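Order of the sequence lines fixes the chain letters, A, B, ..., with proteins taken first and strands second; residue numbering starts at 1 for each chain. Note that the structure is predicted; figures quoted are calculated from it, not measured.
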2 protein chains.
Amino acid sequence: MDNNKISIKDIAKFSGYSVSTVSRVLNHTGRFTEATRKKIIKIANQHHYRQNVIAQGMRSGSLSIIGVLVPDITNSYYASIVKKCEQYFFQYGYLTIVCNTNRDPALEQKYIAQLGNHFVDGLIIISTQLTLDNKNLNTFIPTVFIDRFPKSTRNSVLISSDNYTGAVLATQHLLDNNVYPVMVTTKDNNFSSNQKRLRGFKDTARKSGIVSPQIITLSNNSDNLENATKNLRQLLNNIIKKHERSGIFAVNDNLGVYIHQIAMKLNIKVPDTLRIIGFDDSTHAKEAQLSTIKQDINKLALLSCQNLISLLKKELISNRKIIIPVSLIKRQTT
Amino acid sequence: MDNNKISIKDIAKFSGYSVSTVSRVLNHTGRFTEATRKKIIKIANQHHYRQNVIAQGMRSGSLSIIGVLVPDITNSYYASIVKKCEQYFFQYGYLTIVCNTNRDPALEQKYIAQLGNHFVDGLIIISTQLTLDNKNLNTFIPTVFIDRFPKSTRNSVLISSDNYTGAVLATQHLLDNNVYPVMVTTKDNNFSSNQKRLRGFKDTARKSGIVSPQIITLSNNSDNLENATKNLRQLLNNIIKKHERSGIFAVNDNLGVYIHQIAMKLNIKVPDTLRIIGFDDSTHAKEAQLSTIKQDINKLALLSCQNLISLLKKELISNRKIIIPVSLIKRQTT
DNA sequence: GATATTTGCGCAAACGTTTTCGCAAATGGA
DNA sequence: TCCATTTGCGAAAACGTTTGCGCAAATATC
């Protein structure tokens, strides 16, 4: 029985034609008679011939694969991006290798090193490192960085949402609600996106006359919120004691939803006593009816894909740092 | 400047050694002096040599890639499985190509055909087709099918949760609550998993004396729940009018959570007037405090990976159809 | 010091394609 | 009928590895 090891050579042998003719027929290039085409195709089908992309890649120098690195595909934000990318690239003839870096810089490096061995034509990276050690990126693989950028890059495009303006919108929204704004964030604030959100909050609060805007940094990262619960209860109680009308700007929706839940457990009325706004517009936020700043994930993903394709085609790229507008979504928590 | 096109040949030239010696040094195989090793490694590093997996694949016949097909990576159930698989396979030296089949059988076929061209060593498939047309699977790629199985398979392992028993547990739980059980499902019920859940419900309800158990099939699939809202409102009202204490067994958590939300909007008290139980134990269910049947996703994914690796190693596999136990999770909706 | 063994390394083939070049046969134009 | 062009197809090289084989030099054995 012929299992899957039928090559173009075998077909050449069986059909009596040469390897080159078989190749031309199979690729519909060059010259051949309709008669030979039929014979060759027939034999190829009979033997369940499958083209060997490895050998093709050997010749062309490419496997037509794109690598996508995300911290954790279980997170709906990353999942959405990965899905869009995968579907977009498939239309352009690329398959997508997905890597969960698990917020581990060393693992991220491993993946990049591995993918750098001529596996992929291009990369989409949502990095977990503040300064991406680009030792492994010096193979100059065309790369689109989303949200978090390495210090210096070559052959790449940087894309992110407008985190600063988003924070301004959120803070201003709280101020417009006539509440005292407090920002709650996590230790992950070495991410450039989080830093921009902090800055937007501070600037806006100061502009409204608050001299030293209050920022609460929880000790744990956003994955491990449970551990921060005790702190959070105290903090929430403190906040509502201090200002009779206060509003929390949570650095992301996960945190915002979590704060909302704790407030409910503490019988703190939202939005009457406490207002809450998040950032991201995740599915969680939708379900919890959390006000938030909406990132245009579709646009983000689409632009990432388009720019990567442009990089691959070596087209001229005018704007190598793209900022995508965000918008305020008012829901029940403000 | 040497970009990323440095081959083992170039290093041979630069170092004065032969290609074979360079290869042996780089792979730490065969014989060579420490001195030559140092020289070669140095030159390789200087020129940023990266091994070419395509050429290696050419020789070995494999790229060490696994393909994972899921309907939609945005769904947390599939995302969890993909993540586990990807991480497991990476430890074993495999990268993972992820494909969103988008519940489109034709697209699924396209992916399988593409991956069949010697791209992958093995496949994990959560199919969207009732009967998987295995024309493209006759390349005998080792495959693990999760949840939904094709009619006939070769070189594959089938794995799913115990959907039947899960449905029995859910239904019995409602009966134990002394409520009249109604099952709500969607048009996706051509999936073998859903069919098993239906059967489990019917059997259990009948056993309790209900002659013709009530099953409501919503017209739209689980992605498009909004369109079913109007129906659902009427249905819920009908149900609670008919039986003073009723309980809904939703075929999956998405649907269960959705029903819960609508019930709240209709001011139907849950669990007092209406009890609800879902299936899957998704994150949504946790957040909504929905009672549910918990699938052991970790075990499911782990066994899938282990069995695929076994298939790849051509190990003897005793059990080619694996059923994973489920358990009842009682929360606030029952 | 002669023989046997080990060591270090090079040669060349092979993996499955695609593509350039060239040649013979077929076709066209007068 | 003769020459020019077109057509169909084959030979061979190339892509970057790995690896079996062999050979000379180095080392060990007595």
State whether the side chain of A/Arg148 and the backbone N or O of A/Ser127 hold a donor-acceptor pair below 3.5 Å, judged by distance alone. yes
Name of the residue among B/Tyr94, B/Tyr88, B/Phe90 meeting ring-ring contact (aromatic ring centres under 6.0 Å, His included) with B/Tyr92: B/Tyr88
Check for a donor-acceptor pair, side chain of A/Thr21 on one end and backbone N or O of A/Tyr17 on the other, with a separation under 3.5 Å. no
Would the distance check show the side chain of A/Asp10 and the main-chain N or O of A/Ser7 forming a donor-acceptor pair, the cut-off being under 3.5 Å? yes
Strictly distance-based, threshold 3.5 Å: is any side-chain N or O of B/Asp104 a donor or acceptor partner for the main-chain N or O of B/Thr101? no
Rounded to whole angstroms, how far apart are CZ on B/Arg59 and C1' on C/dT17? 17 Å
For the backbone of B/Arg103 and the side chain of B/Glu108, can you confirm whether one donor and one acceptor N or O come within less than 3.5 Å of each other? no
Between A/Arg37 and A/Glu34, is the closest basic N to carboxylate O distance under 4.0 Å? yes
How close or far is atom C1' of C/dT19 from atom NE2 of A/His28, stated in whole angstroms? 18 Å
What bend angle does the helix from C/dG1-D/dC30 to C/dA30-D/dT1 show across its length, from five-pair end axes and to the nearest 10 degrees? 30°
Side chain A/Asn117, main chain A/Phe119, donor-acceptor under 3.5 Å: no
Would you check, one step at a time, whether the test side chain to side chain donor-acceptor pair (under 3.5 Å) holds for A/Ser23 with A/Ser20? CA-CA 5 Å; A/Ser23 171; A/Ser20 16; over 6 Å; no
Let me spell it out: for each of B/Ser60 and B/Arg31, pick the nucleotide of DNA chain C with the closest heavy atom. Which residue's pick is nearer the 5' end? B/Arg31
Can you give the first and last nucleotides of DNA chain D, 5' to 3', that have an atom under 4.0 Å from a heavy atom of chain A? D/dT7 to D/dG16
Using modelled atom types only, decide if a donor and an acceptor are shared between the side chain of A/Asn307 and the backbone of A/Leu303 within a distance under 3.5 Å. yes
Give one of base, sugar-phosphate or nothing for B/Thr36, where a contact means two heavy atoms less than 4.0 Å apart. sugar-phosphate
Would you jot down, in residue-number order, the residues of residues 9-25 of chain A having a non-hydrogen atom under 4.0 Å from DNA chain D? A/Gly16, A/Tyr17, A/Ser18, A/Ser20, A/Thr21, A/Arg24
